[in-house]
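For the single chain, residues carry numbers from 1 onward in sequence order. These values consider heavy atoms only, across backbone and side chains, with no hydrogens, waters or symmetry-generated copies. In listed order, ligands and their atoms are each counted from 1.
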Amino acid sequence: MKNFIFTFILFTFLLTVNAAQFQLNKRAITFQVCSPDFTSEFVNATIGTDPPKAGNPESFNVSGTLTKCNITKGQTFLRIGYTDFSIKPIGDYYVQNFTDNFKVGTPFMISASNVPTPQQLPGQYIIVVDVGDPTRDPNKPVIFGCAFAVIGGSSEEFFDIYKLI
Ligand SMILES: *[C@@H]1O[C@H](CO)[C@@H](O)[C@H](O)[C@H]1NC(C)=O
Ligand SMILES: *[C@@H]1O[C@H](CO)[C@@H](O)[C@H](O)[C@H]1NC(C)=O
Ligand SMILES: *[C@@H]1O[C@H](CO)[C@@H](O)[C@H](O)[C@H]1NC(C)=O
Ligand SMILES: *[C@@H]1O[C@H](CO)[C@@H](O)[C@H](O)[C@H]1NC(C)=O
């Protein structure tokens, strides 16, 4: 009987460790292309505190290579926003201007070290990162590059909801 209990406890422990590892893997935030039919290019991002803590400033590094647009200092911006699964914004967008020029086709990197995290975060939400330009030139897209990450759910789940709205 004692042996059985020991085995059972060990088994439960192993299950718990496995579950914890699984959740850790599941929690790691990865950014992906905004949507296949979206005209902007992919930018990638890394995040300092993963997952973000509500109310605590977050750091982001955003990088990529834009093949259609120049990044112009003081004009092109980086924007970071949180939304729920219905794409309703949570809090305000964070906006930061580029302070360097990056010619079309050259890799860029921009760090944002003090991005406010919303005071309240639902169990499932989206982080959207985009790079754009406020220019009104109709031949130039306003959003050059974009990526999003799903936290607390799967991107399949998100796209299923996204299709409904
Ligand atoms: C984005 O960056 C992460 C971390 O460096 C990397 O693992 C991932 O493959 C990148 N995603 C794409 C689509 O390049
Ligand atoms: C951003 O890049 C800098 C320099 O490479 C690095 O020190 C920092 O840890 C990075 N931060 C994030 C959030 O990835
Ligand atoms: C990028 O900027 C250069 C000048 O530095 C210009 O010649 C070129 O047309 C621009 N390309 C695009 C796609 O805006
Ligand atoms: C960012 O650039 C825009 C023009 O594109 C300007 O109106 C705004 O004041 C700039 N913001 C900062 C913080 O420099």
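Close contacts between ligand 2 and G48 involve ligand atoms 13 (C) [criterion: under 4.0 Å to a heavy atom]. Interface of K103 with ligand 3, defined as ligand atoms under 4.0 Å from a residue heavy atom, comprises 5 (O).
Side-chain contact annotation: N61 with S111, donor-acceptor N/O pair under 3.5 Å present.
Around ligand 1, the residues contributing at least one heavy atom under 4.0 Å from the ligand are F42, N44.
Taking all atoms of both residues into account, the shortest heavy-atom contact from T99 to K73 is C-CB, 3.6 Å.
In this structure, Q124 contributes its side chain and G152 its backbone to a donor-acceptor pair below 3.5 Å.
Between F98 and the choices D133, I110, T72, the side chain to side chain contact (heavy atoms under 4.5 Å, CB included) rule is met once, by I110. Among the candidates D130, V95, V115, the single residue satisfying the side chain to side chain contact (heavy atoms under 4.5 Å, CB included) test with I80 is V115.
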Is there a side chain to side chain contact (heavy atoms under 4.5 Å, CB included) between F60 and I127? Walk through the geometry before answering. CA-CA 11 Å; F60 290 82; I127 302 177; 4.0 Å; yes

From CA spacing to verdict: side chain to side chain contact (heavy atoms under 4.5 Å, CB included), R79, I143: CA-CA 10 Å; R79 202 165 56 153; I143 301 300; 3.6 Å; yes

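Checked by distance only, ligand 3 and N70 come closer than 3.5 Å through their nitrogen or oxygen atoms.
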